[in-house]
Student: 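Handing you this structure, nothing more for now.
Any value given below was found using the heavy atoms of this structure, including those in side chains, with hydrogens, waters and symmetry copies removed.
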Amino acid sequence: MDRGFINVLLLGLAFMLVFTAFQTWTNIQKTIIDSIKIDDTSFKDANAYSSLAIIYISMAIFNWNSPSVISLIGPRVAMLIGGITYVLFVMSFFIPYVWLLYLVSCIMGIGAALIWTGQGNYLTLNSNEQTISRNSGIFWAMLQMSMFIGNTFVFFVFRDKENIDRSTRQIVIWTLSAIAVSGLAVMVFFPKPVHTEEKLSTEISETAISKAKLALKRAGRLFCTRNMILLCLTFVYTGLELGFWSGVYGYCISTTKVLPNSKRLMGISGIFIGLGEVIAGAAFGILGSKTNKWGRDPIVILGFILHVVSFFVIFLNIPNNAPFKDTPDQAFITSNAVLAIMCSFLLGFGDACFNTQIFSMLGGVYVEDSVAAFSIFKFTQSVGAAISLTYASYFYLYAQLGILLVFAIMGTVSFVWVEWRHKRPVVNAEASVSDSE
């Protein structure tokens with residue numbers, strides 16, 4: 001239990017609490033907005049997919065400035081500021097105005113850029129080449145525990161409800177907001193990271209403006225390298241599938257009227273997505289020393305296989321028009337609740353396969369440019385999520401699954417290619433040492 005690992009545990013606890021609010025809310029946001037429209041006709045122009053798309057567009061744009069901001073205020077303050085915007089987003093639903101929904105979505109996108117770039121930097125500064133895989137897996141498992149907490153709560157609160165009434169909505173908002181605030185309290189007491197200085201602070205003068213300018217330049221230079229361009233295909237895919245499982249799939253389950261008690265199933269879906277995320281994250285954290293030897297590519301390939309299987313089963317099990325409205329239509333097979341929830345688990349497990357290995361690669365390979373690397377990751381992932389949530393309002397389910405399949409193939413191939421390019425010099429060096437002995 002070294003000090004760096006304790007810091008990572010605190011990081012995971014804070015994110016688990018804050019994202020209990022946000023990830024639960026994104027899973028139910030469209031259902032909540034649809035229920036508000038029944039009570040308040042002035043809210044009829046609100047669109048959950050558009051709100052989430054604005055969050056990710058704003059996040060993508062501001063990600064280019066987040067390295068500069070973090071060079072000035074540090075990762076701990078950046079994460080705290082970002083976390084506050086998550087609380088504001090959930091609490092804005094107490095006063096449902098369309099303009100306020102989109103304004104707070106934009107503000108939260110800026111906060112998301114800060115909290116995630118700060119997280120990547122803080123994780124890296126508390127890790128080394130030997131511990132980054134373990135720390136990434138443990139952090140991811142703790143983060144995704146939020147899916148259990150929030151969606152278990154929703155499962156019971158939404159019991160036997162076809163329409164989510166005002167009093168139920170307020171209970172959900174108050175509860176999720178209180179949990180997120182407790183996460184902010186943990187952030188206030190984050191210890192200093194084990195490694196408090198990166199090369200960025202020694203290569204330039206100490207003036208704030210020069211720090212901010214150089215941070216932006218380094219991010220731009222890193223973005224244009226061959227390996228990072230290839231990795232961006234993987235990042236975009238994680239954004240596309242993030243938009244799908246967080247904003248679309250749960251709603252598709254809730255609108256498939258052939259499924260029994262479909263609104264409650266939406267909560268169960270979120271729980272099993274979280275179960276897949278946690279099991280995978282914990283496994284890869286515990287096996288961190290093994291994955292250092294095996295490489296990151298087998299885990300990403302496993303995630304790809306699980307996602308392809310889930311896409312195919314969803315294609316067979318869920319009606320094509322499910323992303324838009326309650327539908328009594330049949331899918332290719334009689335829609336089955338067990339299959340629907342199984343796909344939730346596979347989506348979560350596969351998502352953890354990709355994200356834990358991306359964290360491991362960025363924190364291990366780009367240790368000297370971790371702020372820039374994580375900001376690029378979150379920029380391209382956010383672009384993917386924004387695109388996914390934008391076309392979700394127009395594309396039927398089967399078209400969305402087709403897009404995910406194409407990018408899953410490209411993202412997996414590009415990651416494996418970069419991983420092998422990174423491992424080749426290491427393997428050659430080990431072989432040279434062996435020959436000399």
Student: Can any side-chain N or O of Ser254 pair as donor or acceptor with the backbone N or O of Tyr251 at less than 3.5 Å?
Tutor: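 Side chain of Ser254 to backbone of Tyr251, a donor-acceptor pair under 3.5 Å: yes, one is there.
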
Student: Could you pull out the closest heavy-atom pair between Gly150 and Thr20, with the gap in Å?
Tutor: N-CG2, 3.8 Å

Student: First locate atom CG of Asp34, then atom CG of Asn47, and finally report the distance between them rounded to the nearest 0.5 Å.
Tutor: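 If we round to the nearest 0.5 Å, Asp34:CG and Asn47:CG are 9.0 Å apart.
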
Student: Has the side chain of Thr175 got a donor or acceptor atom that lies under 3.5 Å from a matching backbone atom of Val172?
Tutor: no

Student: Taking atom CG of Asp45 and atom CD1 of Ile33, what is their separation to the nearest 0.5 Å?
Tutor: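 Spacing of CG (Asp45) from CD1 (Ile33) equals 11.5 Å.
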
Student: Kindly indicate whether the side chain of Ile115, heavy atoms from C-beta on, has any atom under 4.5 Å from the side chain of Met79.
Tutor: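 Yes - at least one pair of side-chain heavy atoms lies under 4.5 Å apart.
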
Student: Mind checking the CG-CE spacing from Leu347 to Met342? Nearest 0.5 Å is all I need.
Tutor: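 Here the interatomic distance stands at 9.5 Å.
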
Student: Are Leu101 and Phe93 close enough that some pair of their side-chain heavy atoms sits under 4.5 Å apart?
Tutor: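 Yes, side chains in contact.
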
Student: Kindly check if the number of other-residue, nucleotide or ligand heavy atoms within 6.0 Å of OH (Tyr398) is above 12?
Tutor: yes

Student: Give me the ring orientation class for Phe312 and Phe315: parallel if the planes are under 30° apart, tilted from 30 to 60°, perpendicular past 60°.
Tutor: parallel

Student: Indicate the atoms forming the closest heavy-atom contact of Ala141 with Gly281, along with that distance.
Tutor: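 What the structure gives for the nearest pair is CB-C, 3.8 Å.
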
Student: Measure the shortest side-chain to side-chain distance between Val300 and Met361 over non-hydrogen atoms and say whether it is less than 4.5 angstrom.
Tutor: no

Student: Tell me whether Ser335 contacts the main-chain N or O of Asn317 through its side chain, where contact means a donor paired with an acceptor under 3.5 Å.
Tutor: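 Between the backbone of Asn317 and the side chain of Ser335 there is a qualifying donor-acceptor contact (under 3.5 Å).
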
Student: Apply side chain to side chain contact (heavy atoms under 4.5 Å, CB included) to the pair Leu242 and Phe354, showing each step before the final yes or no.
Tutor: CA-CA 11 Å; Leu242 168 64; Phe354 278 93; over 6 Å; no

Student: Donor-acceptor pairs under 3.5 angstrom involving side-chain atoms of residues 5-13: please list them, not counting sequence neighbours.
Tutor:
from, atom 1, to, atom 2, distance (Å)
Asn7, ND2, Asn126, OD1, 2.7
Asn7, ND2, Lys192, O, 3.3

Student: Ile314 and side-chain contact (heavy atoms from CB on, under 4.5 Å): which partner among Leu401, Leu339, Leu346?
Tutor: Leu401

Student: Going by heavy atoms in the side chains, are Leu397 and Pro319 under 4.5 Å from each other?
Tutor: no

Student: Please report the interatomic distance CZ(Phe415) to CD1(Ile299), rounded to the nearest 0.5 Å.
Tutor: 8.5 Å

Student: Which atoms form the tightest heavy-atom contact between Gln144 and Gln23, and what is the distance?
Tutor: OE1-NE2, 3.2 Å

Student: Are side-chain heavy atoms of Phe62 and Asn65 found at a separation under 4.5 Å?
Tutor: yes

Student: Any sub-3.5 Å donor-acceptor pair from Ser382's side-chain atoms to Lys378's backbone N or O?
Tutor: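 Flag set: sc Ser382 to bb Lys378 pair under 3.5 Å.
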
Student: Give a yes or no answer on whether the side chain of Asn121 reaches the backbone of Thr117 with a donor-acceptor pair at less than 3.5 Å.
Tutor: no

Student: For Ser177 and Ile173, which heavy atoms make the closest approach, and how far apart are they?
Tutor: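 That would be OG-O, 2.7 Å.
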
Student: Ignoring hydrogens and geometry, is there a side-chain-to-backbone donor-acceptor pair from Thr255 to Ala322 under 3.5 Å?
Tutor: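 It does hold such a pair.
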
Student: Judged by atom type as modelled, is there a donor-acceptor pair below 3.5 Å linking the side chain of Thr390 to the main-chain atoms of Ala386?
Tutor: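 Yes; judged by distance alone, with no hydrogens or angles, the pair exists.
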
Student: Is the backbone N or O of Ala340 less than 3.5 Å from a side-chain atom of Tyr249, with the two atoms forming a donor-acceptor pair by type?
Tutor: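 Yes, the answer is positive, given that a donor and an acceptor are paired below the 3.5 Å cut-off.
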
Student: Quick check: do Ile179 and Phe153 have side-chain heavy atoms less than 4.5 Å from each other?
Tutor: no

Student: Please determine whether side chain to side chain contact (heavy atoms under 4.5 Å, CB included) holds for the pair Leu265 and Thr256, giving the CA-CA distance in whole Å, both sets of side-chain angles, and the decisive distance to 0.1 Å.
Tutor: CA-CA 10 Å; Leu265 277 179; Thr256 303; over 6 Å; no

Student: Within this structure, what is the CG-CD distance for the pair Asn355 and Glu277, rounded to the nearest 0.5 Å?
Tutor: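 Output value for this atom pair is 7.0 Å.
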
Student: Begin with the C-alpha distance, continue with both residues' side-chain angles, and end with the deciding distance and a verdict on side chain to side chain contact (heavy atoms under 4.5 Å, CB included) for Met59 and Tyr56.
Tutor: CA-CA 5 Å; Met59 182 180 177; Tyr56 288 110; 4.3 Å; yes

Student: Between Ser92, Ser50, Ser51, which is the residue that forms a side-chain hydrogen bond (donor to acceptor under 3.5 Å, both in side chains) with Ser105?
Tutor: Ser51

Student: Closest heavy-atom contact between Leu259 and Asn336?
Tutor: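 What the structure gives for the nearest pair is CD2-C, 3.6 Å.
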
Student: Less than 4.5 Å apart, side chain to side chain, heavy atoms only: is that true for Thr26 and Phe22?
Tutor: yes

Student: Using residues 223-239 as the side-chain source, report each donor-acceptor pair under 3.5 Å to any protein atom, sequence neighbours left out, with the distance given to one decimal.
Tutor:
from, atom 1, to, atom 2, distance (Å)
Thr225, OG1, Leu222, O, 2.8
Asn227, OD1, Arg421, NE, 2.8
Thr234, OG1, Gly411, O, 2.7
Thr234, OG1, Ser414, OG, 3.0
Tyr237, OH, His307, ND1, 2.6
Thr238, OG1, Phe235, O, 2.6
Thr238, OG1, Gln381, NE2, 3.0

Student: If you compare all heavy atoms of Met147 against all heavy atoms of Gly274, which two are closest, and at what distance to 0.1 Å?
Tutor: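 Nearest heavy atoms, Met147 then Gly274: CB-CA, 3.3 Å.
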
Student: Take a 6.0 Å sphere around CZ of Phe272 and say whether it holds more than 12 heavy atoms from other residues, nucleotides or ligands.
Tutor: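 Open: at most 12 neighbouring heavy atoms sit under 6.0 Å from CZ of Phe272.
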
Student: For Ile132, is there any backbone N or O sitting under 3.5 Å from a side-chain donor or acceptor partner on Ser136?
Tutor: yes

Student: Hey, can you tell me if Phe374 and Phe377 have their rings parallel, tilted or perpendicular (30° and 60° cut-offs)?
Tutor: perpendicular

Student: Would you check if the side chain of Glu419 reaches a backbone N or O of Arg296 as a donor-acceptor pair within less than 3.5 Å?
Tutor: yes

Student: Would you indicate whether the side-chain heavy atoms of Trp116 and Phe15 approach each other to under 4.5 Å?
Tutor: yes

Student: At what distance, to the nearest 0.5 angstrom, does CD1 of Ile409 lie from CG of Leu404?
Tutor: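 These two atoms lie 11.5 Å from each other.
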
Student: For the residue pair Phe345 and Phe349, does the interplanar ring angle fall in the parallel (under 30°), tilted (30 to 60°) or perpendicular (over 60°) class?
Tutor: tilted

Student: Go through the steps for Cys343 and Ile318 under the test side chain to side chain contact (heavy atoms under 4.5 Å, CB included), then give the verdict.
Tutor: CA-CA 11 Å; Cys343 289; Ile318 303 295; over 6 Å; no

Student: Is atom CZ of Phe311 surrounded by more than 12 heavy atoms (other residues, nucleotides or ligands) closer than 6.0 Å?
Tutor: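 More than 12 heavy atoms, drawn from other residues, nucleotides or ligands, come within 6.0 Å of this atom.
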
